[in-house]
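Below is one structure, written out as structure tokens; the observations come after it.
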Amino acid sequence: MSPPLVVDADRHLRGPYTAGGALVAALVPTARPELVARYDIELRAAAPDLRDLVPDRRRSVAASLPSAERILVHAPRRTLRLANGLAEFVREYLAETGPRTLVVENVDRADPTDLELLTVLRRRVPAESLTVVTRRGTTVEDPLGEEEHRALADRLEREGTIGARLGAVPYHRERGGDTSKAVEAFLFAVQWCLDAGCHDAVVDLGRRALRLADPEDDSGTWWRLLHSTATALAALGREDESEDLFDLARRESVSPAVHASVAYATGMLKVRHHDQARRDPDAALALVNQAIAISSLLPDPRERAFKLGFDLNGRALVEVRRGRPAKALELVSEAVALADRDLRPGEHPIHRLVLLANRAQLTVMLGHPEEALEDLDAVIAADPGYPDYYIDRGNLLHRLGRMDAAIDDYETAMRVGPPFPEPYYNRAEIRFSRGDHRGALSDLDHALELDPEFVDGLANRAGLLAALGEYGKARVDAEAGLAIDPANPYLLCALGQVETAEGRYDRARAAFDRALELAPSLAAAWANRGLLAFETGDPEGAVADFTRALEPGADPALLFNRAMALRAAGRETEAVADLTRALELAPDDEDIRRELKS
């Protein structure tokens, strides 16, 4: 057996993925080139100094743009995608080379990316292939003086490694007494980590940098640090802390562009708050209108086209939340026209693609899905390396009934980026609709292997397991999901199905009632509550619930169930009418035909 691989997780050495980067750096040189190429995005993110060994095979347009044009902010689950890809790389590598032991030192000083990666490695790499041992460090006094810190930072900067510039260089500059060089080092690290989606690192580095940076410095460095830090806080769901930083910018800056950005960003905090009870579209409207008013006065037409278009797009989201999608479409279309008129050809491509993708969503919302498809086709043609757009188009194709094309898009999304659960979840829905329940279950299993806290996946798998009669497993999923999202009506509906099957009728009724309180139009809850009413001797109650379940449209199974309830209630004429209509919709259904003859 190979000797243990010992790595140091202290984030002050190399920032995010200090341990993960050391792990893959030890494996990549002896890995098959095809395996390395398959996980290029994940390997280059965890070990940026291995870029000469890892070909840049999959990339989005954003990768080649200057930082000012990389406007998309990664979701906080981005690092989970990376961790899953890294775990798959390690799993496949060890399957070919044999088991290893990984010893991780100083795990108490690790960046959250490494802690997440260790969790995923333990979950997804078989224990017989990888033994993970973690050790905590000991707290020691810093033995170095300012001169030694400066000398170390100078040497590391001369070496030019990216990893050191994300951890060690800012750490030593911070202690070396040269404020300007420290701020410069922090700025590089903050920008790199934000682009990579390492939001916890951005917050840590950004807060340390802001203690040293000068708000009155004309270079704009202070504002860039503040904006990046506040952006990362918002992405992590820490909106109050983000808003505090934007309030600080209001107090310190007199720049119109800064105040426009602050007004926009604060408005987005109000309308996107992770706690839906705290969302305030009216307050958001006031703030975004302030941003629009300022941006419309900017003298440079190109800067105005970009910033004003950005603000108009933000107001479109506010209008959607206020129930005005037509107004939102008007605003996004205005932003598209601004970009076409005043930006140079090819300038701000991500901004343009975001506008087109948003226009497509609004067009769908307004009932014109075919028109939306044209915009999404254009977006994917312009940036074929961005997986999320394939999900959007796949969902639209699914809605249009083009199932094979939708599956093609979901499977492309699986290939062009790091692993994430949504394409498997979406493909499962199509497989289920085609009667391939085991295929659907396999997809949901994989989605939840990638993210065990994926609530939508837990809800769908719980419902599918209940339909397959696997009530014990269904209960586990329903209860796990409800522990994360107690007010999820789909999980409550699945739990009600389990309680019904296990004869706990009062609990089942309570679960269905709560689901319908939260989602009054949820047909599945009405249908299952109807079945419960029928089984417990209340045919009239069952008829009423099945009738509500049929409101979205005729369904032969629901018509059959209502017919049985009507017959039990002595309403034979209505029962025959339902069975007749059900047979028209499902002429090969022998159960319906038999009941019509009885």
Side-chain angles (χ1 to χ4, degrees), residues 2 5-9 11 13-64 70 74-75 77-98 100 102 104 110-125 129-130 132 159-167 189 192-201 385-387 413-420 449-451:
S2 301
L5 176 58
V6 182
V7 300
D8 194 332
R11 67 185 180 278
L13 296 174
R14 303 182 73 80
Y17 296 113
T18 294
L23 169 62
V24 300
L27 305 185
V28 163
T30 56
R32 285 186 298 106
E34 298 84 0
L35 181 60
V36 171
R38 193 182 313 150
Y39 296 102
D40 59 329
I41 294 173
E42 299 91 329
L43 296 172
R44 290 164 68 89
D49 295 311
L50 290 183
R51 293 190 171 204
D52 289 343
L53 296 177
V54 181
D56 192 6
R57 184 177 65 87
R58 301 171 296 170
R59 66 199 318 250
S60 168
V61 166
S64 60
R70 295 197 294 268
H74 287 298
R77 289 310 224 188
R78 165 71 174 184
T79 55
L80 180 60
R81 296 187 186 188
L82 296 174
N84 273 302
L86 292 168
E88 291 176 11
F89 168 78
V90 171
R91 184 176 66 193
E92 293 184 45
Y93 177 91
L94 295 178
E96 297 172 0
T97 61
R100 295 290 294 270
L102 174 67
V104 184
D111 182 84
T113 53
D114 274 325
L115 298 177
E116 180 179 57
L117 175 59
L118 290 172
T119 298
V120 174
L121 286 171
R122 285 181 168 127
R123 187 175 76 243
R124 300 204 60 206
V125 181
S129 295
L130 182 68
V132 179
E159 291 173 359
T161 58
I162 295 174
R165 294 178 70 188
L166 305 180
W192 193 97
C193 291
L194 187 65
D195 288 344
C198 301
H199 298 310
D200 288 287
Y386 190 68
M414 296 172 193
R415 293 191 299 272
V416 301
F420 66 121
E449 181 184 351
L450 294 172
D451 184 359

Q. A62: what forms a side chain to side chain contact (heavy atoms under 4.5 Å, CB included) with it, not counting sequence neighbours?
A. S60, R70, I350
**Q.** Contacts of R51 that satisfy salt bridge (charged side-chain N to carboxylate O under 4.0 Å, His left out) - sequence neighbours left out
**A.** none
Q. Of all residues at least two apart in sequence or in a different chain, which pass the salt bridge (charged side-chain N to carboxylate O under 4.0 Å, His left out) check with R32?
A. E34, E96
(Q) Using 0.5 Å steps for rounding, measure from the CG atom of L450 to the CG atom of L80. (A) 7.5 Å
Q: Determine yes or no for a side-chain-to-main-chain donor-acceptor pair under 3.5 angstrom, with H74 supplying the side chain and L194 the backbone.
A: no
Q) Can you name the nearest heavy-atom pair linking S129 to L94, along with the distance? A) O-CD1, 3.5 Å
Q: Applying side chain to side chain donor-acceptor pair (under 3.5 Å), name anything that partners E88, two or more places apart in sequence or on another chain.
A: Y39, R124
(Q) In the structure I gave you, are the side-chain heavy atoms of T30 and T97 within less than 4.5 Å of one another anywhere? (A) no
Q. Do D114 side-chain atoms and A19 backbone N/O form a donor-acceptor pair below 3.5 Å?
A. yes
Q) What heavy-atom pair brings A110 and L115 nearest, and what distance separates the two atoms? A) CB-CD2, 3.9 Å
Q. Which of these passes side-chain contact (heavy atoms from CB on, under 4.5 Å) with F89: D40, L43, N84?
A. L43
**Q.** For R165, salt bridge (charged side-chain N to carboxylate O under 4.0 Å, His left out) partners two or more places apart
**A.** none
Q) Atom CG in L121, atom CG in L130: separation rounded to 0.5 Å? A) 6.0 Å
Q: Any chance you could measure T79, atom OG1, to H199, atom NE2, to the nearest 0.5 Å?
A: 8.0 Å
Q. When rounded to the nearest 0.5 angstrom, what distance separates CG in D52 from CZ in R44?
A. 9.0 Å
**Q.** Those residues that, when tested against R415, pass side chain to side chain contact (heavy atoms under 4.5 Å, CB included) (two or more places apart)
**A.** E411, T412
Q: Could you tell me which non-hydrogen atom of P16 sits nearest to which non-hydrogen atom of C193, and how far apart they are?
A: CG-SG, 3.7 Å
**Q.** Partners meeting side chain to side chain contact (heavy atoms under 4.5 Å, CB included) with P33 (sequence neighbours left out)
**A.** none
**Q.** Minimum heavy-atom distance A413-F420, with the two atoms named
**A.** O-CE2, 3.8 Å
(Q) How long is the straight-line distance from CD1 of I41 back to CZ of R59, given to the nearest 0.5 Å? (A) 10.0 Å
**Q.** Partners meeting salt bridge (charged side-chain N to carboxylate O under 4.0 Å, His left out) with D200 (sequence neighbours left out)
**A.** none
Q: With sequence neighbours left out, write down each residue that passes side chain to side chain donor-acceptor pair (under 3.5 Å) with R122, or none if nothing qualifies.
A: none
Q | Pairwise side chain to side chain donor-acceptor pair (under 3.5 Å) hits with a residue in residues 13-22, at least two apart | A | R14-D49
Q: Could you pull out all residues at least two apart from L5 that satisfy side chain to side chain contact (heavy atoms under 4.5 Å, CB included)?
A: V7, L23, A26, R100, L102
Q | Approximate separation, where rounding is to 0.5 Å, of D451 CG and R81 CZ | A | 10.5 Å
Q: State, to 0.1 Å, how close L82 and A196 come at their nearest heavy-atom pair, and which atoms those are.
A: CD1-O, 4.3 Å
(Q) Could you report the tightest heavy-atom contact between A87 and V120, atom names first, then the distance? (A) CB-CG1, 3.7 Å
(Q) Using only atom types and a distance under 3.5 Å, with no angle test, would you say the side chain of R123 pairs donor to acceptor with the backbone of E449? (A) yes
